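Data block below; observations after.
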Amino acid sequence: MHCYLVFDAYTGPENQAAPDSDKKSENLRDAAAKNEKLFNYMGLRAPARLSTESEARYTVFEDGLETYLRSDWPAWVARRKELIRQSGSYVEGKHVPAYAEAARTASGEPMVLHSLLENTMALTKQPIPQEAKSDAGIAEGLTRGGPPTR
């Protein structure tokens, strides 16, 4: 089975710029530890410093998706605000329908998101390793309540 990981690293400039405090240092250390665990889960070596990028097996936003959208796709931000102003069905905050409609109708092309889509499409075209097929049989047997198949 193939796995593609998309995550916010919470270690970029926005998080670095937070007022200095013990809590900031703790938050950055915690985020770095969680990021390393994510890479370990994927069987990858974590880069020394994460930056916003889309690779063959993962996409990472160094601070977070919203920070990326504000800085790299201002048309999306403007379109989302316009939708909220024009319609009672879109609201502020992390509102999936507003995010989706803004993404569908905003001008411009956010390169990292474009790369993310290309990378996930490429991953779906790769054959599933035999080992993963065997694991899928085990999972199927467990969900059916029957004996695992190998």
Side-chain angles (χ1 to χ4, degrees), residues 1-21 23-129 131-133 135-140 142-144:
M1 174 174 11
H2 297 299
C3 180
Y4 193 90
L5 184 63
V6 179
F7 67 102
D8 296 335
Y10 298 116
T11 57
E14 187 172 284
N15 287 282
Q16 297 283 341
D20 283 332
S21 70
K23 185 69 173 165
K24 170 189 166 182
S25 297
E26 181 183 339
N27 287 345
L28 288 170
R29 275 193 307 275
D30 288 349
K34 288 177 184 176
N35 295 336
E36 188 169 351
K37 286 180 184 179
L38 288 171
F39 278 95
N40 287 340
Y41 172 76
M42 296 286 291
L44 301 171
R45 183 178 167 94
R49 184 188 179 288
L50 289 172
S51 60
T52 297
E53 63 183 350
S54 185
E55 297 294 335
R57 303 251 334 263
Y58 68 90
T59 295
V60 59
F61 298 97
E62 64 185 344
D63 275 310
L65 173 61
E66 287 78 10
T67 303
Y68 169 76
L69 293 171
R70 280 194 308 271
S71 65
D72 288 60
W73 200 11
W76 177 88
V77 175
R79 180 64 180 139
R80 186 177 68 80
K81 288 179 180 178
E82 179 184 352
L83 289 167
I84 292 166
R85 252 191 338 272
Q86 290 178 347
S87 168
S89 43
Y90 299 112
V91 297
E92 279 290 341
K94 292 189 176 191
H95 186 240
V96 172
Y99 274 41
E101 185 61 15
R104 192 180 71 75
T105 58
S107 62
E109 184 174 318
M111 294 311 297
V112 171
L113 297 180
H114 183 85
S115 295
L116 182 159
L117 293 173
E118 286 180 339
N119 289 332
T120 55
M121 287 189 299
L123 188 64
T124 63
K125 294 175 183 170
Q126 294 178 8
I128 297 174
E131 178 182 296
K133 289 180 182 178
D135 292 344
I138 291 171
E140 181 185 324
L142 295 174
T143 57
R144 282 185 291 129

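Atoms considered below: every heavy atom in the structure, side chains included; atoms not considered: hydrogens, waters and symmetry mates. Keep in mind it's a predicted model, so treat the numbers as computed, not measured.
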Restricting to non-hydrogen atoms, name the atom on [X] and the atom on [Y] that form the minimum distance, rounded to 0.1 Å.
X: Ala106; Y: Trp73; answer: CB-CZ2, 3.9 Å
X: Phe39; Y: Pro47; answer: CZ-CD, 3.7 Å
X: Leu44; Y: Tyr58; answer: CD1-CD2, 3.8 Å
X: Pro19; Y: Lys24; answer: O-CD, 3.5 Å
X: Ser87; Y: Ser89; answer: OG-OG, 2.6 Å

For Arg57, does its backbone N or O pair with a side-chain atom of His2 as donor and acceptor, under 3.5 Å?
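It does not hold such a pair.
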Taking 4.0 angstrom as the limit, do Arg85 and Glu92 come out as a salt bridge?
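Salt bridge flag = no for Glu92 with Arg85.
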As an exercise, state the distance from CH2 of Trp76 to CG of Leu69, rounded to the nearest 0.5 Å.
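With rounding to 0.5 Å, CH2 (Trp76) is 4.5 Å from CG (Leu69).
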Separation of Leu123 CG from Met121 CE (nearest 0.5 Å):
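Result: 11.5 Å between the selected atoms.
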Hey, what's the ring geometry for Phe61 with Tyr68, parallel, tilted or perpendicular (30° and 60° as the breaks)?
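Taking Tyr68 first and then Phe61, their aromatic rings sit tilted (interplane angle of 30° to 60°).
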Which pairs pass side chain to side chain donor-acceptor pair (under 3.5 Å) with one or both residues in residues 99-125, sequence neighbours excluded?
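For residues 99-125, and leaving out neighbouring residues, the side chain to side chain donor-acceptor pair (under 3.5 Å) pairs sorted by first residue read Ser54-Asn119, Glu66-Tyr99, Arg79-Thr105, Glu101-Arg104, Glu109-His114, His114-Glu118.
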Does CD in Glu82 sit with more than 12 non-hydrogen atoms of other residues, nucleotides or ligands closer than 6.0 Å?
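Yes, the 6.0 Å shell around CD holds more than 12 heavy atoms from other groups.
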Only pairs under 3.5 Å count here: list side-chain donor-acceptor contacts from residues 6-18, not counting sequence neighbours, and write none if there are none.
{"from": "Asp8", "atom 1": "OD1", "to": "Leu65", "atom 2": "N", "distance (Å)": "3.0"}
{"from": "Asp8", "atom 1": "OD2", "to": "Tyr10", "atom 2": "OH", "distance (Å)": "3.3"}
{"from": "Glu14", "atom 1": "OE1", "to": "Thr67", "atom 2": "OG1", "distance (Å)": "3.3"}
{"from": "Glu14", "atom 1": "OE1", "to": "Arg70", "atom 2": "NH2", "distance (Å)": "2.9"}
{"from": "Glu14", "atom 1": "OE2", "to": "Thr67", "atom 2": "OG1", "distance (Å)": "3.2"}
{"from": "Asn15", "atom 1": "ND2", "to": "Asp63", "atom 2": "OD1", "distance (Å)": "2.6"}
{"from": "Gln16", "atom 1": "NE2", "to": "Thr11", "atom 2": "O", "distance (Å)": "3.2"}

Before you tell me yes or no, could you show the steps for Leu50 and Asn35 under side chain to side chain contact (heavy atoms under 4.5 Å, CB included), namely the whole-Å CA-CA distance, both residues' side-chain angles and the distance that decides it to 0.1 Å?
CA-CA 9 Å; Leu50 289 172; Asn35 295 336; 3.5 Å; yes
